[in-house]
Amino acid sequence: MCGINGYIKPEFTASEDALNTLKKMNHAIIHRGPDDSGFYHNSSDTYCVAMAMRRLSIIDLNTGKQPISNEDDSITIVFNGEIYNYRKLRADLETKGLTFKTQSDTEVILKLYETEGEKSFEKLDGMYAFSIHDKNQNKLIIARDFFGEKPLYYAQTENGFYYASELKSIIKVLPNKPEISKTGLNLFFKLTYIPAPFSIYNGILKLEANHYITYDLVNHTHSISEIHKIETDRSNLSFNEAKFKLHDLMMTSIESRTVSDVPIGTFLSGGVDSSIVSLGLSQLSNNKIDTFSIGFDKASFDETDKSKLVAKQINSNHHEFIISESDIKAHIDAILLNFDEPFADSSALPTYLVSKKTSNYVKVALTGDGGDEVFGGYNKYYMGNLNNRYTKMVPEFLHNSTKPLLTSLLSTKDDNRGKRFKLKKLVQAIDYTGENYWNIISLGFENDTQQLLNPEHTLANPFAYYKGHISKPKSLHDYREVDRLLSLEGDMLVKVDRTSMMNSLECRAPFLNKALWNFSNSLPENYLLKGWSKKHILKEAFKHEFPDGFLDKSKKGFAVPVGDWLRAGLKTELEHYINSKLIDKQGLFNSKYIKPLVMNHISGKEDNSYKVWTFYTFQKWYFSLYSPQL
């Protein structure tokens with residue numbers, strides 16, 4: 001639901017000027033909330049606070065218009081997201097004598113803050129980004145949810161402090177285009193995305209998940225604080241006790257995500273997570289639910305047979321869409337450039353298309369996002385554990401001497417991410433210094449950013465900031481925490497938020513519930529990853545509700561054959577991006593490295609899908625903004 005914008009200036013600003021700036025920022029994100037807009041302006045001799053929002057109406061369709069202020073107009077809020085436990089919070093406040101003028105969750109946040117201050121944010125279960133102007137305290141507060149489901153960018157400039165749900169709103173009102181951030185650049189080519197607190201631009205940052213900014217309107221300074229402390233206490237529950245508790249927690253979370261005044265459906269891929277969410281919603285609904293899946297015309301990437309099986313079992317109104325390269329090519333510019341910074345998770349392409357199709361039927365879709373991070377479902381978690389065993393058994397000199405041969409033998413020519421691909425990734429990620437997991441999550445240019453980028457643009461340690469949290473991840477809980485901080489916030493949730501909101505569709509993820517995270521964090525690691533069984537306790541908790549063995553079937557994920565497309569429909573554009581004169585004028589890349597890498601992929605000599613796609617998406621973003629001419 002919605003998007004927000006705002007700014008602070010250290011001087012009086014006329015309401016007309018403030019409104020004009022807000023309108024520019026708001027218009028840039030009209031897709032996030034086409035149903036309504038709202039504006040707020042308050043100015044004194046020493047500051048101006050201006051806030052705006054776009055609304056996608058989901059809850060309280062009639063009286064939920066924003067901004068919302070308290071009775072004496074001393075506290076005002078604009079809000080993006082959903083608070084799933086707002087009814088309980090409201091009931092608690094009403095027992096204390098508070099009254100409400102709307103039925104919205106937005107007003108509940110406002111009243112909670114009015115009575116309890118910033119500590120009230122700990123009570124919120126939901127996805128959100130909001131800003132509160134508190135005249136009594138002469139401050140503005142900007143908060144972001146526990147997992148970072150809703151985005152929030154901010155920039156402190158000479159002209160003032162700006163913040164917004166999407167980068168485009170800030171860029172729209174800055175006098176000059178910011179310079180590229182060296183940290184953002186290196187993180188992108190390592191990871192294929194840029195996690196908070198960094199962005200691709202110098203001077204523009206992302207508020208980290210589970211944090212809030214307090215801006216002092218008297219001194220024009222700001223500070224950042226954490227909302228929830230991460231719980232690490234270990235549980236004494238037996239496996240069976242934990243399994244039954246998990247089932248109850250999961251169903252409670254699914255039910256909480258159904259609060260809506262408009263129709264709800266689910267994304268159904270046929271994997272463990274989306275199947276459990278779809279099953280849960282069907283059991284909680286009085287009517288047949290709508291489920292939506294997407295498939296591919298390349299058979300090795302298509303898994304619609306799994307989603308059909310689940311849809312039949314739960315008796316849903318199932319909608320299946322098969323896409324081809326031509327479908328993607330028709331939308332690729334709009335999809336990739338909507339991220340406002342380079343973003344190379346290719347699953348954004350089908351996520352956009354399934355969102356576009358789904359929005360014709362419902363306004364809210366539940367997803368299985370977060371299940372792998374919360375319950376240990378990724379192959380990379382095996383790889384982390386295997387590295388620990390391998391490095392104890394195989395001497396480093398022996399590994400280094402055999403690595404080139406193994407890498408060569410495991411090379412592939414086709415974009416087919418099967419066993420050879422995974423084994424090659426494992427071999428390349430092996431590390432004896434504690435850096436293994438940082439290598440595993442580097443899906444772009446793992447160890448060769450210094451070959452790709454010119455020396456003045458490279459960083460020796462792009463992960464330095466994050467290593468301040470966990471320097472050498474070595475356990476499953478460490479891996480999951482790294483993923484919560486980086487890949488969940490910077491990749492998975494960015495992908496779903498931008499592609500769904502492009503289509504004015506709200507996505508909700510029942511697995512992204514801090515109660516579930518704290519619970520899984522408390523469990524012994526072998527409850528989550530037992531031998532080769534990933535998400536072991538989750539599958540055991542729900543296996544009785546599915547056909548025998550269904551939850552143990554392998555799943556490819558939401559991969560798309562971009563490697564093939566780069567050799568076909570996208571080939572001409574890709575070849576333009578490696579023009580030597582263009583590369584030299586751009587000044588970022590080593591053409592002697594990137595040209596052979598791209599041409600070897602195009603010719604079919606070797607499969608460099610991940611690297612070439614990462615390069616391609618960067619160049620598409622770069623040339624849309626900077627357009628150097630030959």
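What's counted below: heavy atoms across the whole structure, side chains too, no hydrogens, waters or symmetry copies. No experiment lies behind these values; they were computed from the predicted model shown.
With S278 contributing its side chain and S275 its backbone, the two residues share no donor-acceptor pair below 3.5 Å. The main-chain N or O of S253 is found under 3.5 Å from a side-chain atom of S256 such that the two form a donor-acceptor pair. Between the E489 side chain and the A196 main chain, a donor and an acceptor come within less than 3.5 Å of each other. At distances below 3.5 Å, not a single donor-acceptor pair connects side-chain atoms of S285 with backbone N or O atoms of S282. A donor-acceptor pair is defined here as one N or O able to donate and one able to accept, closer than 3.5 Å; such a pair exists between the side chain of R508 and the backbone of V259. Side-chain N or O atoms of R54 include none that pairs as donor or acceptor with a backbone N or O of H27 at under 3.5 Å. A donor-acceptor pair under 3.5 Å is absent between the side-chain atoms of D290 and the main chain of G265, judged by distance alone. Looking only at distances, no side-chain donor or acceptor of T291 sits under 3.5 Å from a matching main-chain atom of T266. Within the 3.5 Å criterion, the main-chain N or O of Y577 finds a donor-acceptor partner in the side chain of Q619. Judged by distance alone, the side chain of W621 and the main-chain N or O of D340 form a donor-acceptor pair under 3.5 Å.
Under the side chain to side chain donor-acceptor pair (under 3.5 Å) criterion, D491 pairs with no residue at all, not counting sequence neighbours. F130 pairs by the ring pair (Phe, Tyr, Trp, His ring centres under 6.0 Å) definition with F121, Y128, not counting sequence neighbours. Residues meeting the ring pair (Phe, Tyr, Trp, His ring centres under 6.0 Å) test with Y84, sequence neighbours left out: none. Among residues two or more places apart in sequence or in another chain, the side chain to side chain donor-acceptor pair (under 3.5 Å) test is passed with S293 by S307, H318. Residues passing the ring pair (Phe, Tyr, Trp, His ring centres under 6.0 Å) test with Y163, sequence neighbours excluded: none.
In the model, S355 has no side-chain atom that pairs as donor or acceptor with a side-chain atom of N503 under 3.5 Å. With 3.5 Å as the limit, one finds no donor-acceptor pair spanning the side chains of N26 and S37.
Side chains of D497 and R32 form a contact here, defined as non-hydrogen atoms less than 4.5 Å apart. Between L349 and W565, the closest side-chain pair of non-hydrogen atoms falls below 4.5 Å. The shortest distance between side-chain heavy atoms of L625 and I171 does not fall below 4.5 Å. Looking at N608 and V598, their side chains never come closer than 4.5 Å, going by heavy atoms from C-beta outward. With contacts defined as side-chain heavy-atom distances shorter than 4.5 Å, the pair D273/F375 does not qualify. Looking at heavy atoms from C-beta onward, L597 lies in side-chain contact with V612 at the 4.5 angstrom threshold. Side-chain atoms of L516 and L246, non-hydrogen and from C-beta on, do get closer than 4.5 Å to each other. Considering only heavy atoms from C-beta on, D483 comes within 4.5 Å of K380 through its side chain.
For R257 and F511, the positive end is not near the middle of the six-membered ring at less than 6.0 Å and at most 45° from its axis.
Annotation for D548: atom CG does not count as buried by contact number, only 12 or fewer foreign heavy atoms lying within 6.0 Å. Within a 6.0 Å sphere centred on NZ of K288, heavy atoms belonging to other residues, nucleotides or ligands number more than 12. Around atom NZ of K168, more than 12 heavy atoms belonging to other residues, nucleotides or ligands sit under 6.0 Å away. By the 6.0 Å contact criterion, NZ on K357 is open, its count of non-hydrogen atoms from other residues, nucleotides or ligands being 12 or less.
Salt bridge status for K620 with D333: present, with a side-chain N to carboxylate O gap under 4.0 Å. Between E341 and K206, at least one side-chain N (NZ, or NE/NH1/NH2) sits under 4.0 Å from a carboxylate O, which counts as a salt bridge. No salt bridge links K495 with D369; every basic N to acidic carboxylate O contact stays at or beyond 4.0 Å.
Screening residues 270-293 for ring-ring contact (aromatic ring centres under 6.0 Å, His included) gives F292-H319, F292-Y361 as the qualifying pairs, with residues at least two apart or on separate chains.
Separating the CG atom in L529 from the CD1 atom in I537 is a distance of 13.0 Å, to the nearest 0.5 Å. Atom-to-atom distance recorded for F147:CZ and W517:CH2 is 6.5 Å, nearest 0.5 angstrom. Here K535 contributes atom NZ and E373 contributes atom CD; the two are 9.0 Å apart, rounded to the nearest 0.5 Å.
Of all heavy-atom pairs between V354 and I294, the closest is N-CD1, 3.7 Å. The two residues A348 and F339 make their nearest non-hydrogen contact at CB-CZ, 3.8 Å.
Among the candidates L281, I264, L268, the single residue satisfying the side chain to side chain contact (heavy atoms under 4.5 Å, CB included) test with I289 is L281. A side chain to side chain contact (heavy atoms under 4.5 Å, CB included) with L505 is found for one member of N360, T358, V496, V364 and no other, namely T358.
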Query raised in the report: Given L124 and I109, is the side-chain contact (heavy atoms from CB on, under 4.5 Å) satisfied, shown in steps?
Result: CA-CA 8 Å; L124 303 176; I109 302 172; 4.3 Å; yes
Report task. Could you walk me through whether R480 and S520 pass the side-chain contact (heavy atoms from CB on, under 4.5 Å) test, one step at a time? Result -> CA-CA 10 Å; R480 292 171 51 252; S520 65; 2.8 Å; yes
Requested in this report: Output, in order, the C-alpha distance, side-chain angles, deciding distance and verdict of side-chain contact (heavy atoms from CB on, under 4.5 Å) for L443 and Y193.
Outcome: CA-CA 9 Å; L443 295 178; Y193 58 90; 5.8 Å; no
Requested in this report: Given side-chain contact (heavy atoms from CB on, under 4.5 Å), test H331 with M502 step by step and report yes or no.
Outcome: CA-CA 12 Å; H331 298 280; M502 271 184 81; over 6 Å; no
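No close placement of the Y527 and H536 rings is indicated, their centers lying 6.0 Å or farther apart. If you look at F618 and F189, their ring centroids are closer than 6.0 Å.
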